[in-house]
Amino acid sequence: MAAPVTLPFGRSERSTVGIEWEVALVDADSGDLRQAAEAILAAVRPAGGGEHPLITQELLLNTVEIRSGKCRTIGEATADLQRALDEVESVATPLRIELMGGATHPFANWAQQKVTDKQRYATLIDRTQWWGRQMLIYGVHVHVGIEDRAKVLPLSRAMLTVFAHIQSLSASSPFWGGRDTGYASNRALLFQQLPTAGLPFAFEDWSQLEQYVGDMMHTGVIDQFDEVRWDVRPSPRFGTLEMRIADGASNLLEVAAISALTHCFVEHFSSMLDRGETLPTLPPWFAQENKWRSARYGMDAIIITNAAGDEELVTDAVGRWLVELAPVAERLGCAAELEQVRVILRRGASYQRQRAVARRHAGELDAVVRSLVAELKAGRPL
């Protein structure tokens, strides 16, 4: 057994929040992806040099990541995202580039995408080969500040009991390479093909996590902790729990709604710990099955709700949680954003709206791209 690696957990105020949103760059005329991230990032770079604080590069040159700062509320975080979005749009528009949300591009060819010139990305692609080159996917990541390291792993395990709720609501990747995959979230199953991606291990204490990292570094699986790409992972550097569950959103309203739901779940479970209550958990085999069901069926998924194997339609489960989390949302200042989850329940998730557009246009997927671009501009589902 290798020596464990010490993972100091950064200081963070409880339930602060940060959001990262990966956005695609598409050609305004063809609707296909544009390899233009370097030009965009150069145009928004601060006068003094260095990286823009809210706009950064990603694995592929067709992508920019917009992010919030460390915020007190979801409203503050989404205001940061809107400012960053406006700035990207102002330099993209003259280049005949549109911005598109969603977790996959409906018809782009993964083999034609170019990788950002950075050593960590070159290493990833060299190691993962065919699967790595197919990572033509986009997500939304939500960081929530955890004030006590002892809470991090119990909260991570509890989040796996509501994983399917977030994945179903955010599902936005039904199309891949010009075809309907039959899945609500093709991204979810694509991404877990990478080593160290997918659902996290249900570690009981921090020393087990440090042993895992030591073993992975000793055997050359990773060189640093952020190469662990779990769907729910501690972020020791920031002192947060990072939820990487959600598909890329097609508009800011859904970013806000899904981030508010995530924020409330973490705070709800954290309050349970404060009261000395035992947090809910699921056997790993049920958590894994829920991930597959929500990826496959989205809003129609029948999810497993407890260790006894009881089941419930995910939209019914979400409806119940919205009532239970309402006081938490008031406390966190995100009641309006949490209520917007009902817009998704009413209008359908992005994957459902995309399929409806394709049906109305006899299967033409360029119409789906146009609808995704329009939603991002409008800031809400259309």
Side-chain angles (χ1 to χ4, degrees), residues 17 19-26 28 31 54 64-68 71 73-90 92-93 98-106 138-142 165-175 184-185 187 245-264 298-299 315 318-319 322 325-326 329 333-361 367-382:
V17 66
I19 307 172
E20 301 164 355
W21 183 16
E22 295 164 351
V23 176
L25 308 172
V26 301
L54 304 180
V64 293
E65 179 181 278
I66 62 173
R67 57 175 61 166
S68 76
C71 298
T73 66
I74 295 294
E76 285 178 25
T78 52
D80 275 359
L81 295 179
Q82 185 64 64
R83 281 194 296 275
L85 208 56
D86 291 344
E87 195 170 344
V88 172
E89 193 169 41
S90 71
T93 300
E98 304 268 26
L99 306 182
M100 187 198 84
T104 54
H105 187 285
Y138 311 90
V140 170
H141 303 162
V142 182
H165 307 55
I166 296 167
Q167 187 169 277
S168 291
L169 287 163
S170 69
S172 62
S173 46
F175 300 109
S185 174
R187 166 193 168 269
I245 302 162
D247 265 10
S250 50
N251 59 81
L252 192 58
L253 180 145
E254 287 180 309
V255 172
I258 289 159
S259 298
L261 180 63
T262 304
H263 197 197
C264 288
M299 302 278 267
T315 48
V318 169
L322 291 179
L325 293 174
C334 64
E337 289 87 356
L338 184 67
E339 191 62 22
Q340 288 168 348
V341 171
R342 297 190 189 279
V343 176
I344 305 174
L345 294 175
R346 188 171 65 249
R347 300 296 302 274
S350 178
Y351 79 91
Q352 294 171 307
R353 302 195 303 273
Q354 289 179 50
R355 283 186 174 137
V357 169
R359 284 195 300 271
R360 290 197 298 271
H361 292 83
V368 178
V369 173
R370 289 195 300 272
S371 74
L372 290 168
V373 168
E375 280 203 6
L376 195 141
K377 282 183 184 295
R380 58 183 174 80
L382 297 176

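- Residues Ser259 and Ile19 come closest through the heavy atom pair OG-CD1, 3.5 Å.
- Looking only at distances, a side-chain donor or acceptor of Glu22 sits under 3.5 Å from a matching main-chain atom of Gly139.
- To the nearest 0.5 Å, atoms OG (Ser185) and CD1 (Ile245) are separated by 11.5 Å.
- Arg355 pairs by the salt bridge (Lys or Arg N to Asp or Glu O under 4.0 Å) definition with Asp180, not counting sequence neighbours.
- In this structure, OG1 in Thr262 is found 3.5 Å from CD1 in Ile166, a value given to the nearest 0.5 Å.
- Every residue two or more places apart in sequence or in another chain that forms a side-chain contact (heavy atoms from CB on, under 4.5 Å) with Thr104 is listed here: Ile137, Ser173, Trp176.
- To the nearest 0.5 Å, the span separating CH2 on Trp21 from CG on Leu376 amounts to 4.5 Å.
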Let's go through Met299 and Leu169 carefully: what are the C-alpha distance in whole Å and the side-chain angles of both, what is the deciding distance for side chain to side chain contact (heavy atoms under 4.5 Å, CB included) to 0.1 Å, and is it a yes or a no? CA-CA 7 Å; Met299 302 278 267; Leu169 287 163; 4.0 Å; yes
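- Looking at Val17 and Cys334, their side chains never come closer than 4.5 Å, going by heavy atoms from C-beta outward.
- Every residue was checked against the side-chain hydrogen bond (donor to acceptor under 3.5 Å, both in side chains) condition with Gln352, not counting sequence neighbours, and none meets it.
- Remark: Ala28 engages Arg96, Glu98 in a side-chain contact (heavy atoms from CB on, under 4.5 Å) (not counting sequence neighbours).
- Asn251 approaches Gly379 most closely through the heavy-atom pair CB-C, 3.6 Å.
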Please list every donor-acceptor pair under 3.5 Å in which a side-chain atom of residues 336-346 meets a protein atom from a residue at least two apart or in another chain.
residue: Glu339; atom: OE2; partner: Arg342; partner atom: NE; Å: 2.9

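- Within the model, atoms CG of Leu322 and NE2 of His165 stand 10.0 Å from one another, a figure rounded to the nearest 0.5 Å.
- With rounding to the nearest 0.5 Å, the separation of CG in Leu99 from CG in Leu372 is 12.5 Å.
- Among residues two or more places apart in sequence or in another chain, the side-chain hydrogen bond (donor to acceptor under 3.5 Å, both in side chains) test is passed with Tyr138 by Asn62.
- Counting all heavy atoms, side chain and backbone alike, Tyr351 lies closest to Ser168 at CE2-O, 4.4 Å.
- Formation of a donor-acceptor pair under 3.5 Å by the Ser172 side chain with backbone atoms of Ala249 is not found in this model.
- A donor-acceptor pair is defined here as one N or O able to donate and one able to accept, closer than 3.5 Å; such a pair exists between the side chain of Thr78 and the backbone of Gly75.
- His361 contributes atom NE2, which lies 8.5 Å from atom OG of Ser371 (distance to the nearest 0.5 angstrom).
- By the salt bridge (Lys or Arg N to Asp or Glu O under 4.0 Å) test, Glu65 pairs with Arg67, sequence neighbours left out.
- For the pair Val255 and Leu252, the minimum side-chain heavy-atom distance is below 4.5 Å.
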Check the pair Val88, Ile66 against side chain to side chain contact (heavy atoms under 4.5 Å, CB included), reporting the backbone distance first and the verdict last. CA-CA 9 Å; Val88 172; Ile66 62 173; 4.3 Å; yes
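- In this view, Arg347 satisfies the salt bridge (Lys or Arg N to Asp or Glu O under 4.0 Å) rule with no residue, not counting sequence neighbours.
- Of the N and O atoms on the side chains of Ser250 and Glu375, at least one donor lies less than 3.5 Å from an acceptor on the other residue.
- Side chain of Ser90 to backbone of Glu87: a donor-acceptor contact under 3.5 angstrom is found.
- Remark: Ala326 pairs with no residue by the side-chain contact (heavy atoms from CB on, under 4.5 Å) rule, at least two apart or across chains.
- At least one side-chain heavy atom of Arg380 sits less than 4.5 Å from a side-chain heavy atom of Leu382.
- With His105 contributing its side chain and Gly31 its backbone, the two residues share a donor-acceptor pair below 3.5 Å.
- Scored by the side-chain hydrogen bond (donor to acceptor under 3.5 Å, both in side chains) test, Arg83 finds Asp80 as partners (sequence neighbours excluded).
- Among residues at least two apart or in separate chains, salt bridge (charged side-chain N to carboxylate O under 4.0 Å, His left out) pairs with a member in residues 245-261 are Arg187-Asp247, Glu254-Arg353.
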